[in-house]
Amino acid sequence: MTGSAVAEDALILGIETSCDETAVAVVRGGRRVLSNVIDSQARLHERFGGVVPEIAARAHDARLPQVIDQALREAGVKMAEVSAVAATRGPGLIGALIVGFSAGKAMASALGVPFSGVHHLEGHVLAVRLEDPATEPPYVALVVSGGHTALYSVQEEGVYQTLGSTLDDAAGEAFDKVARFLDLGYPGGPAIDRLAKRGDPQAVAFPRGLTGKGLDFSFSGVKTAVVRHVHRAQAAGEKVVKADIAASFQEAVVDVQVEKAMRALEMQGASTLVVGGGVAANTRLRARLAEEASRRGARLVIPDRKLCVDNGAMIAAAGFFRLSRGEVTPAEAPADPSLKLPSAVA
Ligand code: KG4
Ligand code: ZN
């Protein structure tokens, strides 16, 4: 390993375009967020009930220059002052990834500064450095997003041992599918989160997939159970209270995540739990994790909601981490929709 490619107080521009958020941030020293602009494409995809890859790529292309300008302006930083550029390299939608990754590489090359191609999930985990810079391994990380749901053991910063992952749908995907079924719009997570506040979480006992069995997740059963429940109630002429369904579904999904996260802490003998990804913005999940962690005397670090959903600040933080270890991504490296997380000491 070579020396650091960036100074301690480097100004990093972070670009995220792996899915449907065009997001750019400026972060100082890998820890201080100076700006964090998230331009959501949700409106463009809403009528399709999910992200349309071609539309996402074109919208990133159209919006990225303005989002970069806005992030620099809000940070009070001139383009020429940027010390390094980081952009999501993968995983994600290939057309969407290429837009931000290529723009990032081109900017770094024009400015003559180092470039880092970031793993999106490492970004979600290292967002923790923006929330609480004192967080250091060993810790267990729970990443819950629209595309991924997994638990990692992090014994050493930057090395991720997978403890468990979803066997079918990601947690966010389950939120989105159930919301679509209930006609609550896209993205479904925030809609269910809001509606659930008016519902009874005990109204329907939906299944808790794979609880009590290891650290893998399964969310397809609960999604099917919601559909069956609603169809049966409608056929029986019973009133379907969407708020109750939303609250009961959310409770089931949250229960599973909390149970698995606590089990992982126990199995690893770890005392710190780090949580990231869009679903970590969920009000009920945050409250339940806080409750359980405090009951067990474990330290819980969940970044602010704006740092949980896809954002450029987490990409800048992860880019800073890699660059500070001398890991510069070469100009010829391509975006990689199925990029793997580093899982062993290099
Ligand atoms: O991390 P993220 O922004 O993008 C991916 O990497 O996938 O996560 C997006 C997912 C979506 O499925 C969205 O519905 C979910 O996170 N989400 C939520 C909430 N906010 C976003 N799920 C539950 N409750 C929320 N408040
Ligand atoms: Zn994400």
Side-chain angles (χ1 to χ4, degrees), residues 14-23 25 36 38-42 45-46 49-51 53 56 60 87-93 96-97 100 118-128 141-150 165-166 169-182 184-197 199 201 217 219 222-223 246-247 249-258 274-289 302-315 317-318 337-339 341:
I15 302 174
E16 153 61 37
T17 65
S18 69
C19 192
D20 63 339
E21 253 86 45
T22 310
N36 190 21
I38 303 174
D39 192 70
S40 175
Q41 302 175 359
H45 301 288
E46 190 167 19
V51 179
H60 285 309
T88 306
R89 183 175 178 195
L93 304 169
L97 282 169
V118 170
H119 192 292
H120 184 80
L121 299 184
E122 179 162 73
H124 277 307
V125 174
L126 294 187
V128 81
L142 170 68
V143 177
V144 277
S145 73
H148 297 85
T149 295
S165 56
T166 183
D169 291 351
E173 198 179 346
F175 270 98
D176 294 338
K177 286 179 177 169
V178 166
R180 187 178 181 184
F181 171 70
L182 294 175
L184 301 177
Y186 174 85
I192 289 187
D193 193 345
R194 274 193 304 275
L195 186 62
K197 295 197 170 96
F217 299 82
F219 294 110
V222 62
K223 178 195 67 191
F249 160 77
Q250 177 177 273
E251 198 66 10
V253 173
V254 165
D255 263 358
V256 174
Q257 293 172 74
V258 173
V274 162
V275 189
V279 179
N282 184 266
T283 317
R284 185 71 182 141
L285 179 64
R286 297 173 80 90
R288 288 284 313 286
L289 284 171
I302 309 190
D304 184 75
R305 284 184 164 79
K306 239 192 129 181
L307 297 170
C308 285
V309 295
D310 287 352
N311 66 87
M314 70 183 197
I315 301 304
S338 42
L339 190 66
L341 260 180

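Heads up: numbering here begins at 1 and tracks the sequence. All ligand and atom numbering here is 1-based and tracks the order in the structure.
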| Which bit of His120 is near ligand 1, meaning a heavy atom under 4.0 Å away: side chain, backbone, both or neither? |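 Near ligand 1, His120 shows its side chain, while the N, CA, C and O stay back.
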How far is [atom] from the closest protein heavy atom, and which atom is that?
| atom | answer |
| --- | --- |
| atom 26 (N) of ligand 1 | Asp193 OD2, 2.8 Å |
| atom 2 (P) of ligand 1 | Asp310 OD1, 3.2 Å |
| atom 12 (O) of ligand 1 | Asp176 OD2, 2.7 Å |
| atom 10 (C) of ligand 1 | Gly146 N, 3.5 Å |
| atom 20 (N) of ligand 1 | Gly278 O, 3.4 Å |

| Any idea how many protein N, O or S atoms are nearer than 2.8 Å to the Zn ion (ligand 2)? |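 Those protein atoms number 3 in total.
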| query | Within less than 4.0 angstrom of ligand 1, does Arg305 place any heavy atom? | reply |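 Arg305 does not count as a contact of ligand 1 under the 4.0 Å cut-off.
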| said: Tell me whether Cys19 reaches ligand 1 (any heavy atom closer than 4.0 angstrom to a ligand atom). | reply: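 For ligand 1, residue contact (heavy atoms, under 4.0 Å) with Cys19 is absent.
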Partner residues of [X] under the side-chain hydrogen bond (donor to acceptor under 3.5 Å, both in side chains) criterion, sequence neighbours left out:
| X | result |
| --- | --- |
| Arg284 | Glu251 |
| Ser40 | Glu21 |
| Ser18 | Glu16, His120 |

| field | Exercise: identify the closest heavy-atom pair between Ala246 and Ile192 | value |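 Answer, listing the atom of Ala246 first, then Ile192: O-CG2, 3.8 Å.
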